[in-house]
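Numbering of residues begins at 1 and proceeds along the displayed sequence.
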Amino acid sequence: MGEIKRIIAATDMSRLASFAEARAAMLAHELGAESLDLLHIVDNLSLEALRQLAQAPEDADHRLLESSRNQLTEIEKRLAERYGITITTTALNVGRTHTEILRYAKLLNAGLVVMGVHGGGFVRKLFVGSTVDKVLRTLACPVLVVKREPETPYQRVLVPVDFSEPSRLGMDIALTIAPRASITVLHAFEVPFEANFNFSDEQIQAYRAEQRAEKSDELKKFLSDFKSSAAPSPAVEFGPASTVIQEQIEVFEPDLIVIGKHGKSGWENMLLGSVTKQVMQYADCDVLVVGQGQQEEAPR
């Protein structure tokens, strides 16, 4: 993947979004990024609703946009002073939030887009259709969803892999943004057609052990392609991927999970992989989602 030269922090200026602003600034400083760009979108549907309620629609527009500009200026000043970075662009756009983030990231050739769990709308049961969901499904570059207030660089990183191309890209970016972290690389496996076998428990355990050994060798080979100052810790566990990942989150307590948008089972570009979606919903730490580098069209 190489260096991350341009980072975009998309903010709705809520408290939760301030976590994303801070993490983006921290990463820009740590990585020596060429630029950090702040982006705030005024949703055009909400703006239209405000116009209908206001006695003087044009004045309401002006006051809302002016207030947003002032808040962005304050955020820019705070981040620059705290993290010693320069904010290259502070942009205020009007439109649909996910389509404007997609357009802006494509325009600037962003290496990373950082978002918060916008405005408390990130409810687990309502994830599908949310701004985060839409951005993850349509944006080609890596997207970091920040759920915690950052205090230090990432210390413990979990990277679930299935040896697909997104897994390789995810491993690469994990080493890029957290070079001094303790990284656990996790592969979950299941035994094909195990339920159809008329085997004894002893035979099934032997078969699982054989599969584990094969997957361990495959993971070792996978990791040999990456160079880092501290060797990542490999882990191979039996069970459905989403279950295994959730169990490892409880054991490892990561502050960052890096996962591919689609794994080998991904069959449709406009769908977020089922395992990735579940991780996004139940993980309480930051999650970085990596795609395959092909820009997709945003849904209207």
Side-chain angles (χ1 to χ4, degrees), residues 4-25 27-28 33-52 57-58 60-76 79 87-122 126-146 261 269-272 280 287-291 293-300:
I4 297 175
K5 297 182 178 180
R6 195 149 200 170
I7 299 173
I8 294 176
T11 178
D12 64 1
M13 299 186 290
S14 66
R15 177 176 176 272
L16 292 174
S18 71
F19 299 168
E21 298 158 7
R23 178 60 74 180
L27 286 173
E34 293 179 358
S35 68
L36 173 63
D37 301 85
L38 279 176
L39 174 64
H40 174 66
I41 311 299
V42 176
D43 185 79
N44 54 1
L45 296 180
S46 299
L47 188 60
E48 183 58 32
L50 176 64
R51 289 169 180 157
Q52 306 233 340
E58 292 184 2
D61 280 12
H62 174 76
R63 283 188 283 114
L64 175 62
L65 294 175
E66 187 64 24
S67 174
S68 297
R69 289 190 189 94
N70 291 337
Q71 289 182 71
L72 279 173
T73 299
E74 289 300 313
I75 293 171
E76 178 182 356
L79 295 178
I87 311 291
T88 305
T89 305
T90 303
L92 174 64
N93 292 1
V94 176
R96 298 298 302 275
T97 303
H98 65 285
T99 55
E100 286 301 304
I101 292 173
L102 175 66
R103 185 182 68 81
Y104 200 74
K106 191 173 181 180
L107 177 67
L108 297 182
N109 192 26
L112 177 67
V113 170
V114 183
M115 303 176 62
V117 284
H118 278 220
F122 188 87
L126 301 180
F127 173 75
V128 175
S130 70
T131 296
V132 172
D133 176 38
K134 291 175 182 177
V135 170
L136 288 174
R137 287 190 286 114
T138 56
L139 194 58
C141 74
V143 179
L144 174 61
V145 180
V146 178
K261 182 188 297 188
N269 283 342
M270 293 306 292
L271 295 177
L272 191 64
M280 285 297 311
V287 181
L288 198 160
V289 179
V290 183
Q294 180 181 357
Q295 192 69 53
E296 299 153 6
E297 294 297 325
R300 298 293 180 182

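When all heavy atoms of His40 and Thr11 are compared, the closest pair comes out as ND1-O, 2.8 Å. Here the shortest heavy-atom pairing between Ala105 and Ile8 reads CA-CD1, 3.6 Å. In terms of heavy atoms, Ala25 sits closest to Leu79 at CB-CD2, 4.0 Å. Closest of all the heavy-atom pairs between Ala28 and Leu36 is CB-CB, 4.2 Å. The minimum heavy-atom distance between Met280 and Val289, with the atom names listed, is SD-CG2, 3.9 Å. Of all heavy-atom pairs between Ala33 and Ile7, the closest is CB-CD1, 4.2 Å.
Rounded to the nearest 0.5 Å, atoms CG (Asp37) and OG1 (Thr88) are 5.0 Å apart. The distance from atom OG1 of Thr73 to atom CD1 of Ile87, rounded to the nearest 0.5 Å, is 11.5 Å. Residue Thr97 holds its OG1 atom at 12.5 Å from CG of Leu102, rounded to the nearest 0.5 Å. Lys106 contributes atom NZ, which lies 11.0 Å from atom OG1 of Thr138 (distance to the nearest 0.5 angstrom). Note that CG of Leu16 and CD of Glu21 are 10.5 Å apart. Values are rounded to the nearest 0.5 Å. Taken to the nearest 0.5 Å, the CG atom of Leu112 stands 15.0 Å off from the NZ atom of Lys5.
The side-chain contact (heavy atoms from CB on, under 4.5 Å) test with Ile41 singles out one residue from Asn93, Asp12, Leu92, and that residue is Asn93.
Side-chain atoms of Val113 and Leu139, non-hydrogen and from C-beta on, do get closer than 4.5 Å to each other. Counting only heavy atoms from C-beta outward, the side chains of Glu34 and Arg6 never approach each other to under 4.5 Å.
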Between Ile101 and Met115, does the side chain to side chain contact (heavy atoms under 4.5 Å, CB included) criterion hold? Intermediate values first, please. CA-CA 10 Å; Ile101 292 173; Met115 303 176 62; 4.1 Å; yes

Candidate pair Ser35 and Thr89, rule side chain to side chain contact (heavy atoms under 4.5 Å, CB included), full reasoning: CA-CA 8 Å; Ser35 68; Thr89 305; over 6 Å; no

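For Glu76, the side chain to side chain donor-acceptor pair (under 3.5 Å) test picks out Thr90, with sequence neighbours left out. Checked against side-chain contact (heavy atoms from CB on, under 4.5 Å), Ala20 has the following partners two or more places apart in sequence or in another chain: Val114, Val146. Legend: residues meeting salt bridge (Lys or Arg N to Asp or Glu O under 4.0 Å) with Glu66, ordered by chain and number and at least two apart, are Arg69.
Side-chain N or O atoms of Lys261 include one that pairs as donor or acceptor with a backbone N or O of Leu136 at under 3.5 Å. A donor-acceptor pair under 3.5 Å is absent between the side-chain atoms of His98 and the main chain of Val135, judged by distance alone.
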